[in-house]
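One structure is given here, and the rest of the page talks about it.
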Amino acid sequence: MAEQATQILEMNQISKGFPGVRALDAVDFDLRPGEIHAIVGENGAGKSTLIKILSGAYLPDRGEIIVRGRTVSNLTPHSAQRLGIATIYQERNLVPLMTAGENILLNHEPRNGWGLVDTRRLYREAQEILTSLEIDLDPHVVVSTLGAARQQAVELAKALFLKANIVVMDEPTAAFDQSEIKNLFTMARRLREQGTSVVYISHHLEEVFQIADRVTVLRDGRRIGTYDIGEVTEKSLVSLMVGREIANVLVDTSSVTPDEVLRIEHLSVQGLLFDITLSVHRGEILGVAGMVGSGRTELARLLFGALQPSGGRIFFKGREVRSQTPTRSIRRGIGLVPEERKIDGLVLGMDVGKNITLAALRRFRSALLLDLGKEKRSALEYVQRLGIRATSASQQVQYLSGGNQQKVVMAKWLLADADLLIVDEPTKGVDVAAKAEIHHLMLDLCERGKAILMISSDLPEIITMSHRIAVMRRGHLVTELPREGVTQEMVLAFAIGGEGNGNQK
């Protein structure tokens, strides 16, 4: 360990419980001036609870918080802000219909002699903050027109305007592509250079090694240890997080057969997709890569029947599909694991079991009634088979961790026995252990002769998990790459620079 330094923040013996759950058990955490300190752990390890206590959203049951040498009690969001603590959550805390400048100075607008907002000064001060972070953004632009990365930049500028000494970033890159991640790291380092301390929470361990000075590991609500980043490797960090070694994923090409489950020819959607031709075989994972906005998600929605084509043909298991809707797709044997599972993949107010059986209710029908006993037994079988961590199959799915919610969505299509599974960002927002379990589950499906079309922004995931890789750009399929010899740089080059006027094979 490095020598001890004066701490800007100390959280000592922090404990927090909820009904039936001990979220934090005597956790210690400290932060030095001008450092980036990462917190890692599986879903449910206690990361979110710890930062919610730091931001004043939760009160601890026990423990002590010291900010700049002063003990703080009964912390609230307002008092945390006054102490210079700014928390940037995955869900943006911005007013969408206001401009970037208005959001940056919200509730701190400069006034003129008449008590009215001094608009010229407001935008000048906002521009100064953006310039200091080297953010190329017009403060007059309305926030709702900005993408996730630019909104994140506005959040950082807002924190800097409020003179935050401590900035907490919770999964900041969840919706970012590689170039946007690079820009975020540049801004985070600039904050560090200006003396601001950053608490960085991420499931992506490669990001932790790129950006962090130290890392604290939580597991099951307890602090396992704090390490200088040079003291650990990605493999050792994973072992600390899960308490065991994670088996490497090995993709077996022998599972792929010549039998085409899906074939699309010259498929288009007006203004979104242009002349797409590709196929997916039994036992194969076809990876689809591309930047945000490349048309990947639109392709998934089209194949599931949520978008209608303006031209082209779709063949499923050798037969042409002339009319596609989500209901018909399910009956044909097509499943979709959507990017936004909470919005499109789950009914949050329903329990785990009901979500699992939702796409296969026809098999539990007896005359005009459902065989509730059979339905319950089937749901429980998949809870156990996929290792879904829930108090019971009757627990509401909204209270599960992200990784367990994703397993519920996967279980739904396993029970429905889908022949083609379209997975859009299969491991988005899940921890390393759940990620490995989902990958092994996908490979098991391939062994059983299922076909998978996998969309992912995670280039290592695309390269590791795919038998073939299709790269999209601006609604075009620009190339297909074999698995052998493909690098991240090669995929990225096609994604950002390929001249996509159609298929280039």
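Just so it is clear, the model here is predicted, and its values are computed rather than measured. In this chain, residues are counted from 1 in sequence order.
- The main-chain N or O of I36 is found under 3.5 Å from a side-chain atom of D213 such that the two form a donor-acceptor pair.
- Although no hydrogens or angles enter the test, the distance criterion places no donor-acceptor pair under 3.5 Å between the side chain of E425 and the main chain of D458.
- A heavy-atom distance below 4.5 Å is not found between the side chains of Y382 and M410.
- No side-chain donor-acceptor contact under 3.5 Å links S236 to the backbone of V232.
- Side chains of R223 and T216: a donor-acceptor N/O pair is absent below 3.5 angstrom, by distance only.
- Counted within 6.0 Å of CZ on R332, heavy atoms from surrounding residues, nucleotides or ligands total more than 12; the atom is thus considered enclosed.
- Under the salt bridge (Lys or Arg N to Asp or Glu O under 4.0 Å) criterion, D28 pairs with no residue, sequence neighbours left out.
- A donor-acceptor pair under 3.5 Å links the side-chain atoms of D351 to the main chain of K354, judged by distance alone.
- Among all heavy-atom pairs drawn from L24 and G46, the shortest one is CD2-O, 3.4 Å.
- Under a 3.5 Å cut-off, the side chain of R282 and the backbone N or O of V261 do not form any donor-acceptor pair.
- Between the side chain of K407 and the main chain of R389, no donor-acceptor pair closer than 3.5 Å is present.
- A donor-acceptor pair under 3.5 Å links the side-chain atoms of R363 to the main chain of L415, judged by distance alone.
- Within the 4.5 Å cutoff, no side-chain heavy atoms of V95 are placed close to those of V143.
- One N or O on the side chain of R483 and one on the backbone of I463 form a donor-acceptor pair closer than 3.5 Å.
- You'll find the side chain of L191 reaches within 4.5 Å of the side chain of M169, heavy atoms only.
- Side chains of H439 and T427: a donor-acceptor N/O pair is absent below 3.5 angstrom, by distance only.
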Just list the side-chain donor-acceptor pairs under 3.5 Å for residues 297-306, sequence neighbours left out, or say none.
{"residue": "T297", "atom": "OG1", "partner": "D424", "partner atom": "OD2", "Å": "2.8"}

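- Here the side chains of V337 and P426 are not in contact, with every heavy-atom distance at 4.5 Å or above.
- Side-chain atoms of N355 come within 3.5 Å of backbone atoms of V347 as a donor-acceptor pair (strictly under, hydrogens ignored).
- Between E207 and H204, the side chains place no donor N or O within less than 3.5 Å of an acceptor N or O (distance only, hydrogens not considered).
- Ring pair F18/Y58: centre-to-centre distance below 6.0 Å.
- Atom CD of E320 has more than 12 neighbouring heavy atoms from other residues, nucleotides or ligands inside a 6.0 Å radius.
- R448 pairs by the side chain to side chain contact (heavy atoms under 4.5 Å, CB included) definition with R385, L414, D417, D444, L445, K450, not counting sequence neighbours.
- Contact record, G283 with V256: O-CG2, 3.5 Å, taken as the closest heavy-atom pair.
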